[in-house]
Amino acid sequence: MKTELHHYVGRAVRLNKLVYQEINNRALRKGHALENCFLVTGVSRGVRKLICYGANFRIVVDATDVVLI
């Protein structure tokens with residue numbers, strides 16, 4: 001599983017609809033606009049989740065919550 005997740009590093013991804021809506025609502029409350037496009041920068045060691053950056057947000061999500069662009 002670990003090596004499979006490293007294939008995502010450096011790639012652009014989009015979040016699935018439910019996860020994106022949750023993140024977007026958080027961004028709107030802070031007064032930020034957010035597009036559904038994130039860059040995967042790493043894999044969290046302990047919980048095996050993807051660390052993604054988009055605009056001013058850093059998020060940690062499951063690999064099942066993203067789709068490669």
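Once rounded to the nearest 0.5 Å, the distance linking CD of Glu4 with CZ of Arg48 reads 10.0 Å.
Grouping the Ile, Leu, Val, Met, Phe, Trp and Tyr side chains by contacts below 4.5 angstrom, directly or via other members, places Ile69 apart from Leu50.
Residues Gln21 and Asn24 form no side-chain contact, since every pair of their non-hydrogen atoms from C-beta on lies 4.5 Å or further apart.
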Which side-chain N or O atoms in residues 58-66 pair as donor and acceptor under 3.5 Å with protein atoms at least two apart or in another chain?
| residue | atom | partner | partner atom | Å |
| --- | --- | --- | --- | --- |
| Arg58 | NE | Tyr53 | OH | 3.4 |
| Asp65 | OD1 | Asn16 | ND2 | 3.4 |

Side-chain donor-acceptor pairs under 3.5 Å in residues 34-41, sequence neighbours left out?
| residue | atom | partner | partner atom | Å |
| --- | --- | --- | --- | --- |
| Asn36 | OD1 | Leu15 | N | 2.8 |
| Asn36 | ND2 | Leu15 | O | 3.1 |
| Thr41 | OG1 | Ile51 | O | 3.3 |

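Here the closest heavy-atom approach between residue Ala33 and residue Ala55 is recorded as O-CB, 4.4 Å.
Scanning for side-chain contact (heavy atoms from CB on, under 4.5 Å) contacts around Glu22 gives an empty result, with sequence neighbours left out. Applying the side-chain contact (heavy atoms from CB on, under 4.5 Å) rule to Val47 yields the partners Ser44, Lys49; only residues at least two apart in sequence or on another chain are considered. For Lys30, the side-chain contact (heavy atoms from CB on, under 4.5 Å) criterion is met by His32, Phe57, not counting sequence neighbours.
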